[in-house]
Amino acid sequence: MIRQHLSDALTSELLALGIAVPAVVHLEQPARREHGDWSSNIAMASAKAAGRPPRELATALVDALNARLPEYVERVELAGPGFVNFHLNPGWLHQVLIDTVNAGESQFGRSTVGAGTNVMVEFVSANPTGPLHAGHARGATYGDAVARVLEWAGYSVAREFYINDRGAQMLKLGESILARIRGEEPPEGGYFGEYITEWASSLDPEIAVSGDVEAATEHGYRCALDDQRAVLAELGVVFDVWFSERSLMDTGAIEQTLADLRERSMIEDRDGAIWLLSTQYGDDKDRVLVKSDGSFTYLLPDIAYHRDKFARGFDLLINVWGADHHGYVKRMHAAISALGHRAEQLDIRITQLVKLLKNGEEVKISKRAGNIIELRDIIDEVGADSTRLVYLLQSIDSPQTVDLGVIAEQSMDNPVFYVQMAHARLCSVAAKASAQGIERIDLAQAVLEPLVHPRELEVLRVLNNFSEVVELAARERAPHKVSSWVRELASEVHGFYHDCPILRDDVPADLQQARLWLGEAARVGLRCGLNLLGASAPESM
RNA sequence: GCCCUCGUAGCUCAGUCGGAUAGAGCGACCGCCUCCUAAGCGGUAGGCCGCCGGUUCGAUUCCGGCCGAGGGCACCA
């Protein structure tokens with residue numbers, strides 16, 4: 001709001017000076033307070049087009065603005081190579097408090113940029129052959145947080161899990177279970193984890209005796225699915241749809257997909273196989289869809305699945321894949337283009353790998369040895385909130401190092417406590433005030449002018465940024481920006497808490513009221529931020 | 001060889017559309033509880049933003065080339 005307000009002021013002065021207004025008027029909050037509350041580089045940016053030196057242009061702007069000061073503006077200064085710096089009175093921040101409280105937990109920071117867009121986020125999509133491990137957690141927490149952020153930005157969002165319940169790896173599951181029952185080693189390419197023995201113990205004895213691989217596979221499949229669903233629920237990740245690859249076989253979706261592609265002349269029969277002409281859309285080589293023996297490659301059901309997503313009315317598909325799948329990005333884009341969709345309608349996000357440390361030493365994962373670190377164990381050890389925060393702390397573009405030993409200590413290496421504590425403290429003060437018979441008066445009656453302490457104003461400054469953070473996080477599919485923001489808010493809240501007493505006897509009544517309201521605004525902010533990350537906001541700790 | 005991501009403080013990482021003296025947490029060191037939760041607050045030390053060019057009034061940011069790390073390049077899934 002304040003940004004628009006200042007931007008409008010700059011725009012009208014530029015027009016009055018007869019200078020072309022750029023598409024976006026850049027305004028930022030300078031790192032150094034002496035550079036003002038807000039600063040614009042517009043004079044430097046427009047200098048070339050206007051044919052005037054930046055400082056001359058800035059001087060004209062500054063003079064004009066000072067002659068007709070916009071609301072909240074105390075003075076405007078020229079600085080450096082041509083910055084126009086706005087120094088504001090705290091009134092604009094008091095307005096932030098009012099807006100935040102009025103928006104409340106259900107609305108604060110919401111935006112409508114995504115209104116009318118139907119988006120599906122497909123994530124995790126692990127094979128149903130074992131429990132989820134520490135690596136899956138990155139995709140799970142990221143995908144869910146992206147979905148939450150998009151919802152907050154106005155998108156209509158569905159979460160979906162694609163189950164690869166077809167193919168050779170499924171039978172290996174059944175074979176592994178049967179082998180364990182017989183007391184043998186699982187076969188080459190099979191599964192070696194302890195969970196196989198566990199699942200084997202609940203297998204119907206008749207199947208064990210008959211050695212029916214398909215039946216054993218089905219049993220393992222159910223165990224895997226139940227296990228994955230349960231652990232995701234513990235993490236707070238709930239899918240709208242679990243989509244089975246097998247279901248594509250029964251509905252004619254595969255044949256329809258081939259027919260569509262053939263009609264669009266996007267496939268070709270070659271050497272007894274059916275090829276997708278994916279090079280026409282930027283792939284490195286054409287890809288086989290139906291092998292010369294008549295069976296499908298993995299790619300064909302995948303294409304049919306994405307065709308189905310569009311058929312269900314989604315405008316935008318977001319896929320969260322692990323780094324080991326980045327090589328398939330081009331061919332999937334080519335495939336949906338071949339089906340007549342725009343490549344931008346499929347947004348594939350690659351999460352870089354997670355390296356696990358335990359007390360400084362790398363934990364080597366070997367599927368064969370079966371020594372995976374299960375997601376469940378991490379949640380049991382540190383809790384769902386910490387697990388989520390740890391993974392959401394940084395960009396998915398960089399490889400992540402997680403030290404299980406350190407987060408298990410619940411030290412300040414784990415910022416979830418820091419943020420939750422800030423929330424709990426605010427709740428605690430409000431509760432204590434209430435217990436002392438001190439209630440907040442109607443906000444409209446409250447006098448906010450006493451809020452001038454730097455600690456108070458910094459809290460409000462951070463709150464003001466939230467809606468922009470949400471929009472940016474949505475646009476860039478970058479929930480870690482919300483993590484950064486909420487930590488910053490928590491930091492300011494702790495500072496405010498430390499330096500600005502509320503319930504002490506010597507606090508004047510109107511200041512006490514204003515601070516109680518400030519606490520409420522900050523609490524709303526912390527709550528909303530934590531919520532976007534999928535973490536709880538406890539009222540006491 | 002080709003493709004993707006990364007390289008910023010001792011460690012783990014932020015850094016918006018290119019801005020002014022590059023940030024946080026942890027670790028190290030020094031302070032602060034008769035006071036609403038010390039799971040907190042303040043301070044000090046610590047930087048060739050991998051290297052070299054280019055664009056620009058201005059580059060950690062954009063472009064090109066190197067160097068280094070991780071991952072991927074099937075008629076496997």
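The chains referred to below are lettered A, B, ... by the order of the sequence lines, with proteins before strands, and numbering in each begins at 1.
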Considering every strand and a 4.0 Å limit on heavy-atom distances, what is the contact class for [X]: base, sugar-phosphate, or nothing?
X: Asn85(A); answer: base
X: Cys427(A); answer: nothing
X: Ala422(A); answer: nothing

Same-atom distance ([atom1]) from [N] to [M], integer angstrom:
N: G47(B); M: G23(B); atom1: C1'; result: 12 Å
N: C6(B); M: C63(B); atom1: P; result: 11 Å
N: C48(B); M: U56(B); atom1: P; result: 29 Å
N: U5(B); M: C41(B); atom1: C1'; result: 39 Å
N: A45(B); M: C33(B); atom1: C1'; result: 26 Å
N: A74(B); M: C51(B); atom1: P; result: 36 Å

> Can you list the residues that meet the salt bridge (charged side-chain N to carboxylate O under 4.0 Å, His left out) rule with Glu439(A), with sequence neighbours excluded?
Replying inline: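 Salt bridge (charged side-chain N to carboxylate O under 4.0 Å, His left out) list for Glu439(A), sorted by chain: empty.
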
> With the threshold set at 4.0 Å, does a side-chain nitrogen-carboxylate oxygen contact exist between Glu468(A) and Arg3(A)?
Replying inline: yes

>> The criterion is side chain to side chain contact (heavy atoms under 4.5 Å, CB included); which residues satisfy it with Arg475(A), sequence neighbours excluded?
In response: Leu472(A)

> With sequence neighbours left out, what residues match His498(A) under side chain to side chain contact (heavy atoms under 4.5 Å, CB included)?
Replying inline: none

>> Between Ile42(A) and Pro22(A), is there a side-chain heavy-atom distance shorter than 4.5 Å?
In response: yes

>> For a 4.5 angstrom cut-off between non-hydrogen side-chain atoms, does Lys291(A) reach Ser295(A)?
In response: yes

> Looking at A20(B), C36(B), G15(B), which one has an atom nearest to any side-chain atom of Lys481(A)?
Replying inline: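 Of all the options, the side chain of Lys481(A) is nearest to G15(B).
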
>> Using heavy-atom distances to pick each residue's nearest nucleotide on RNA chain B, tell me which of Ser398(A) and Ile502(A) is more 5'.
In response: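 That would be Ser398(A).
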
> If you pin Ile350(A) and Arg32(A) to their nearest nucleotides in RNA chain B, which one's is more 5'?
Replying inline: Ile350(A)

> Where do Arg33(A) and Pro30(A) come nearest, in terms of heavy atoms and distance?
Replying inline: NH2-O, 4.4 Å

>> Is it the case that C41(B) (base atoms only) and His494(A) (side chain only) share a donor and an acceptor within less than 3.5 Å, ignoring hydrogens and angles?
In response: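 Counting by modelled atom types and ignoring angles, no donor-acceptor contact under 3.5 Å is found here.
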
Is there a side-chain polar atom (N or O) of [X] under 4.0 Å from OP1 or OP2 of [N]?
X: Arg455(A); N: G42(B); answer: yes
X: Ser428(A); N: U37(B); answer: yes
X: Arg349(A); N: U5(B); answer: no
X: Lys355(A); N: U12(B); answer: no

>> For a stem of at least 3 consecutive Watson-Crick or G-U pairs with distances under 3.5 Å, i pairing with j, i+1 with j-1 and so on, which stems involve RNA chain B?
In response: B:1-7 with B:67-73, B:10-13 with B:23-26, B:28-32 with B:40-44, B:50-54 with B:62-66

> Between Gln29(A) and Arg461(A), does any side-chain donor sit less than 3.5 Å from a side-chain acceptor?
Replying inline: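 Checked: Gln29(A)/Arg461(A) side chains show no N/O donor-acceptor pair below 3.5 Å.
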
>> Distance to the ring centre below 6.0 angstrom and angle to the axis at most 45 degrees; does that hold for Arg138(A) and Tyr391(A)?
In response: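 No, a cation-pi geometry is absent between Arg138(A) and Tyr391(A).
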
> Tell me, for nucleotides 71-77 of chain B in 5' to 3' order, what letter each nucleotide earns: B for a base near a protein heavy atom under 4.0 Å, S for only sugar-phosphate near one, - for neither?
Replying inline: BSSSBBB

> Under a 90° cut-off about 0 for the syn range, is C33(B) syn or anti?
Replying inline: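 It is syn.
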
> Do any pairs count as a side-chain hydrogen bond (donor to acceptor under 3.5 Å, both in side chains) and have a residue in residues 500-511 of chain A, sequence neighbours left out, and if so which ones?
Replying inline: Arg504(A)-Asp506(A)

> Does the ring of Phe83(A) lie flat against the base of G19(B), closer than 5.5 Å centre to centre with planes under 30°?
Replying inline: no

